[in-house]
Amino acid sequence: MKMKNQREEIKLVIAGHVDHGKSTIIGRLLADTNSLPEGKLEAVKENCRRNSKPFEYAFLLDAFKDEQAQGITIDAARCFFNTKKRNYLIIDAPGHIEFLKNMITGASWAEAALMVIDAYEGVQENSRRHGYMLSFLGIRQIYVLVNKMDLIDYDQKVYDKISTEYKEFLTKLDITPLGFIPVSGMEGDNIASHSEKMPWYSGPTVLEQLDQFKQEKLPEDKPLRIPVQDVYKFTSNGDNRRIIAGRIESGKIAVGNEVVFCPSGKISTVKTVESFNSDSSVTTSSAGWSVGFTTTEQIFVKRGEIAFLKKEQKPKATSLLKTRLFWLGKQPFIKNKKYLFKIGTAKVEMKLETVDRVLDASTLKTKQSNEVRRNDIAECILRLDKITAFDVAEEMPETGRFVIVDDYEISGGGVVVKALADEHSRAYESTVRRNVKWESIAITEEMRAERYNQKACMILITGSPDNTLRKKLAKKLTEKLFHNGKFVYFIGMANLLYGIGADIRGIGEDVRPEHIRRLAEIGNMMMHVGLILVVSAQEISENDVRVLKTSLNGRGDRLITIWAGNTITTDLAPDLKFLENEIHGADEEITKYLKENGFIFSFDLNNSLG
Ligand code: GTP
Ligand code: MG
């Protein structure tokens, strides 16, 4: 947990091939910096003696982790220690899968890395793979430790050979390591003190080097990002506050700030900030804290959205993104298959759109492929099932990395390289701009709903172009609702095409999203007014629905889609469907649906007001 007046802390990952000595080096660091509790070293040594197994510095790490884990939850791969200068959090990745998982899931994001290479075995597959992953994740501060120098009689020639080879490899990745250190974790050479056995080496010890790593720009100095974790509702005693909760990944939040939510575009002002881990109330909070905050207006936001400040740089929102990813799954990553994509607190279904480039991570050879196999690294374009908020990792790593879940398993992970424009980008951009500029008054939608005895909604009746049943049904439904005292309006697409849409040149798919966006804007206002809006439009697709929902914004869940006709000729999954021979009683069915779903509150089907 973060404390006030905290000391500087650096997060460091230790990487390298299996058995090259990562744990031993950390164990050594712990022992030689006196970071271990009194008697720990002796106890572990004694334990080894009793069980007649040779003592290993790596055991210290395990014993220490158990110790540190008491009372606080830490994952098995982390441990802390301090130097005079600052605190360290060391992430020991047992294997590259765990390493990548930890890094990408954000459990532990490292600012610097120590890469361990066994002097006897030399550069191995994982030495290369981890190197690639560091570059891939954008970690630039890397020091290479050539370990087990004792096994090669502290021979400078071997050390030079390995250093040269690995440096060449890193250069291909655009990484210039800060330096190399010959060490022996087992003997303690060049770990905490300079070794007499290698007079030819005059550089820093590992410990000296640690204190030279630079801390990156603090997350709290970056724009605000709070991925919404949960929205709590307080229902007791007429308390209708909603607390929006999440972890501040970057930036600062304060009472009075105007916050916007991405991708919904909802906007409000922070009324209170509640910290979950301090008893006194606070008015500000910053990166690293988990907070809850309330807003002056009651707004409805969902888990997965990102809160940011109106005056700061906004996150990206799209459903199409260019990424760099690493695949770990047993099954290859293929097209036309549904996966789960997790970024921040958002979870959405996704598909692989294109594979632009595939690399074998250890040889770094490019190969031509339509799929991404285990241990491959690839540049891919991903298509998400819905518009989602995130950042480009280079600017904001905290909200720019993702994982891909295949069959309940984390099978891949990566970073967002670029947000690409999708069909909804235009609608989305204008919606956010409109919301930010929106002028509102003290009459709320709830007040209007109460006055008109109905909840505003949009009933979209669609069907194939040659079928006029949808239009007949829409008109009949509107008239029925009207005569039953409802506040309702009918719009045929033609009413818009030749009026509001008169300036749109062209026909077909190119201009369709813009017509739909305008329909949504009108629908949005009419729903704001409190109306039930009945729309007749031909061949509505899921894509149209997405554009509509983007523009309708928070009102998108009050869009009801109905297909009239025997065959659905688009990919629409409508809320209701009526065959031609069912159209006759469809208006009553729809009315029933509206009642059951709470859109109209009292309505007697047989007893109209008219
Ligand atoms: P994994 O976590 O399994 O990937 O291994 P690791 O990289 O953490 O290696 P670990 O520290 O467990 O060391 C592996 C083996 O190498 C152990 O038997 C160590 O005793 C031995 N070893 C580590 N460092 C040195 C060293 O400097 N010299 C010698 N001779 N052996 C070492
Ligand atoms: Mg280990």
Side-chain angles (χ1 to χ4, degrees), residues 12-32 35-36 41 44-45 47-49 51-66 68-69 74-81 89-103 108 110 113-131 133-134 142-156 158-159 162-163 166 180-198 201 205-207 209 328 362 375:
L12 193 78
V13 68
I14 184 151
H17 197 72
V18 180
D19 275 355
H20 278 197
K22 302 177 289 294
S23 304
T24 304
I25 289 171
I26 302 175
R28 209 12 126 161
L29 273 171
L30 294 175
D32 293 359
S35 297
L36 293 165
L41 182 62
V44 173
K45 279 187 173 163
N47 198 337
C48 287
R49 201 187 50 79
N51 294 300
S52 38
K53 61 178 179 182
F55 167 78
E56 292 257 355
Y57 274 94
F59 298 158
L60 279 177
L61 193 57
D62 296 330
F64 189 48
K65 269 190 283 200
D66 292 344
Q68 288 193 337
I74 64 171
D75 67 69
R78 300 203 226 180
C79 82
F80 307 95
F81 86 94
L89 168 62
I90 299 199
I91 306 150
D92 171 26
H96 69 281
I97 297 190
E98 287 75 11
F99 170 60
L100 192 79
K101 270 192 196 168
N102 280 347
M103 290 292 281
S108 27
L114 293 176
M115 171 65 70
V116 179
I117 299 178
D118 184 325
Y120 187 74
E121 282 193 12
V123 176
Q124 296 291 311
E125 199 180 0
N126 271 357
S127 322
R128 282 191 281 264
R129 236 183 232 148
H130 284 183
M133 274 152 37
L134 295 173
I142 300 174
Y143 236 89
V144 183
L145 311 183
V146 179
N147 188 34
K148 307 197 191 179
M149 287 301 289
D150 55 299
L151 289 185
I152 54 149
D153 293 329
Y154 302 97
D155 185 345
Q156 185 182 3
V158 180
Y159 166 78
I162 292 175
S163 312
Y166 200 61
F180 287 75
I181 309 178
V183 302
S184 166
M186 193 177 243
E187 305 297 330
D189 295 300
N190 288 338
I191 303 283
S193 56
H194 289 269
S195 168
E196 286 156 16
K197 293 174 199 127
M198 291 174 273
Y201 174 78
T205 62
V206 176
L207 197 60
Q209 178 47 41
L328 308 161
S362 50
N375 291 333

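We count ligands from 1, going down the list as the structure has it; atoms in each ligand are counted the same way.
Atoms CD and CG, from E196 and D189 in turn, are 9.0 Å apart once rounded to the nearest 0.5 Å. Interatomic distance, CD of E187 versus OG1 of T24, reported as 11.5 Å (0.5 Å rounding). With rounding to the nearest 0.5 angstrom, the CG atom of L114 is 8.0 Å from the CD atom of Q209.
Closest non-hydrogen pair, D118 versus D19, comes out as OD2-O, 4.2 Å.
Backbone and side-chain nitrogen or oxygen atoms of G185 are examined, and one is located within less than 3.5 angstrom of a nitrogen or oxygen of ligand 1. At a 3.5 angstrom cut-off on N or O pairs, I25 does not count as close to ligand 1. At a 3.5 angstrom cut-off on N or O pairs, S23 counts as close to ligand 1. Taking distance alone, with nitrogen or oxygen atoms compared against 3.5 Å, A58 stays at or beyond that limit from ligand 1.
The closest donor-acceptor contact from the side chain of Y159 to the backbone of F180 lies under 3.5 Å.
Proximity annotation for atom 19 (C) of ligand 1: of E56, K22, R28, E56 comes nearest, heavy atoms only. Taking each of M186, M149, E187 in turn, the one with a heavy atom nearest to atom 26 (C) of ligand 1 proves to be M186.
Proximity of D150 to ligand 1, defined as any heavy-atom pair under 4.0 Å, is confined to the side chain (atoms from C-beta onward).
Annotation: cation-pi pair K148/Y120 absent, no NZ/CZ under 6.0 Å from the ring centroid and within 45° of its normal.
Atoms of ligand 1 found under 4.0 Å from any heavy atom of T24 (numbered from 1 in listed order, with element): 10 (P), 11 (O), 13 (O), 19 (C), 23 (C), 24 (N).
Among the backbone and side-chain atoms of S23, an N, O or S atom lies under 2.8 Å from the Mg ion (ligand 2).
Relative ring orientation between H17 and H20 is described as tilted, the plane-to-plane angle lying within the 30° to 60° band.
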